[in-house]
Protein chains: 2
Amino acid sequence: MKLIHQLSKETGIPIGTIRFYEKSGLFRGETKKEVTTNKYVYYGNDVVEKLRFIQMAKAVGFTLAEIKEVVDAWYKKQLSQNAKIEVLDRKLVQIEEKIKDLKAVKKQIELCKFNIENEVS
Amino acid sequence: MKLIHQLSKETGIPIGTIRFYEKSGLFRGETKKEVTTNKYVYYGNDVVEKLRFIQMAKAVGFTLAEIKEVVDAWYKKQLSQNAKIEVLDRKLVQIEEKIKDLKAVKKQIELCKFNIENEVS
DNA sequence: TGCAACCATGCAGTATACTACATAGTTGTA
DNA sequence: TACAACTATGTAGTATACTGCATGGTTGCA
C-alpha cells in the first residue's frame with residue numbers, strides 16, 4: 001500500500017493527473033479507518049496496474065470515458081456479466097480497427113520515406 | 001477538383017473540421033485565379049488522401065501537431081531530405097510503441113473477459 | 001428574379017484532459 | 001519543536017480539437 005507520491009513515482013504519472021483520474025472514477029484508493037488523525041489515501045498494486053492500462057490505452061487513442069467503460073467492466077459489481085462482456089467485445093472490435101489504422105499509417109509513412117529517399121534532388 | 005461540401009461528403013469529415021485542419025496548416029486547397037467573382041477553394045484528391053491519413057492517425061492517438069510534422073515531411077519543399085527522414089523515422093518508432101501498447105491493451109481486455117466468463121456467479 | 005444551396009470569414013462556445021495555485025493540515029527527522 | 005516534505009480540497013487556468021453561429025456573398029435552377 002502506497003501513498004500518492006510513491007504511486008506517482010512508480011508510474012511516472014503526475015500527482016495532479018492521478019487525482020484527476022480518481023475523481024473521474026477510474027479507480028479509488030482507500031483510507032485506513034483505524035487512522036483518525038488524517039485522511040491520507042492508500043493505493044494498492046491494482047491501482048498501479050490500472051494506471052499502466054490507462055497510459056497505454058490513452059497512447060492508442062482511447063478517451064478516458066472509453067477507458068472507464070473497460071475499467072468498470074473490470075471491477076464493478078453493479079454490471080451484469082452480459083453487459084460486461086458486451087462492453088469488452090466492443091472494445092476488442094475498436095482495437096482491431098486501430099490495428100488496421102496503425103498499419104495503414106505505417107505503410108503510408110514508409111512509402112513517404114521511400115519517395116524522399118529515391119527523389120532526385 | 002471539388003468544393004468543400006463534396007470533400008466533406010466524400011470523407012465524412014464536417015466542413016467546420018476541414019476548415020479547422022486547413023487553418024492549422026495540414027493542407028491547402030487552391031483558388032482558381034481565372035475566377036474573379038468568388039473566393040471558392042478547390043481541393044484535389046491529394047487532400048482526400050491527406051484527410052484519410054489524418055483520420056487514421058488521429059484514431060491511433062496522434063495529435064494534430066504530430067500529424068502536421070508528417071504532412072510537412074510529405075509535401076513541404078522547405079525541409080531538407082535529412083530532416084524529413086528524421087521526422088518519419090521518429091514517427092515509425094512511435095508507431096512500433098503504439099503497436100506494443102495496443103497488443104498489451106488487447107491482451108488485458110481478453111484476460112478480463114476470460115475472468116468474467118469463468119467466474120462463479 | 002426569386003430562392004435554395006452553396007461559399008467565405010470571423011469569433012464565441014464546448015468538451016476533454018490536464019495543470020497550477022492557494023490554503024490548510026500531518027508526518028518524520030534533526 | 002522547528003521544518004521539510006508530504007497530505008487533502010477546491011478552484012481557476014490552459015491546450016487541444018473541434019462546433020456553432022452570425023454575417024454576408026455566389027451559384028444554379030425554376
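We name chains A, B, ... by the order of the sequence lines, and we start the count at 1 in each one. Keep in mind it's a predicted model, so treat the numbers as computed, not measured. When reading the values below, keep in mind they use all heavy atoms of this one structure, side chains included, and skip hydrogens, waters and symmetry mates.
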In a table with atom names and distances, give each donor-acceptor pair under 3.5 Å that connects a side chain of residues 51-61 of chain A to protein atoms at least two apart or in another chain.
residue	atom	partner	partner atom	Å
A:Gln55	NE2	A:Thr11	O	3.4

Sorted by chain and number, sequence neighbours left out, side-chain hydrogen bond (donor to acceptor under 3.5 Å, both in side chains) with B:Glu86 holds for none
Can you give the donor-acceptor pairs under 3.5 Å from side chains of residues 30-40 of chain B to other protein atoms, not counting sequence neighbours?
residue	atom	partner	partner atom	Å
B:Asn38	OD1	B:Tyr40	N	3.1

Output one line per pair: protein atom, nucleotide atom from nucleotides 17-21 of chain C, and distance, for all N/O pairs under 3.5 Å.
residue	atom	partner	partner atom	Å
C:dA17	OP1	A:Leu64	N	2.7
C:dC18	OP1	A:Tyr21	OH	3.4
C:dC18	OP2	A:Tyr21	OH	2.7

Those residues at least two apart in sequence (or on a different chain) that pass side chain to side chain contact (heavy atoms under 4.5 Å, CB included) with A:Glu97 are A:Val93
Any N/O pairs under 3.5 Å between the protein and nucleotides 27-30 of chain C? List them or say none.
residue	atom	partner	partner atom	Å
C:dT27	OP1	A:Thr37	OG1	2.8
C:dT27	OP1	A:Asn38	ND2	2.6

For A:Lys84, the side chain to side chain contact (heavy atoms under 4.5 Å, CB included) test, sequence neighbours excluded, returns A:Ala73, A:Leu79, B:Ile116
Self-check item: Cation-pi geometry met for A:Lys50 and A:Tyr75 (6.0 Å, 45°)
Solution: yes
Residues at least two apart in sequence or cross-chain that pass side-chain hydrogen bond (donor to acceptor under 3.5 Å, both in side chains) with B:Glu69, listed by chain then number, are B:Lys91
Review item, side-chain donor-acceptor pairs of residues 41-48 of chain A, under 3.5 Å, at least two apart:
residue	atom	partner	partner atom	Å
A:Tyr43	OH	A:Glu22	OE1	2.5
A:Asn45	OD1	A:Lys2	NZ	2.9

The side chain to side chain contact (heavy atoms under 4.5 Å, CB included) partners of A:Asp89 (sequence neighbours excluded) come to A:Ile85, A:Leu92, B:Lys113
By side chain to side chain contact (heavy atoms under 4.5 Å, CB included), B:Leu111 pairs with (sequence neighbours left out) B:Gln108, B:Asn115
In the 5' to 3' direction, the nucleotides of DNA chain D bounding the stretch that comes under 4.0 Å of a heavy atom in chain A are D:dC6 to D:dT11
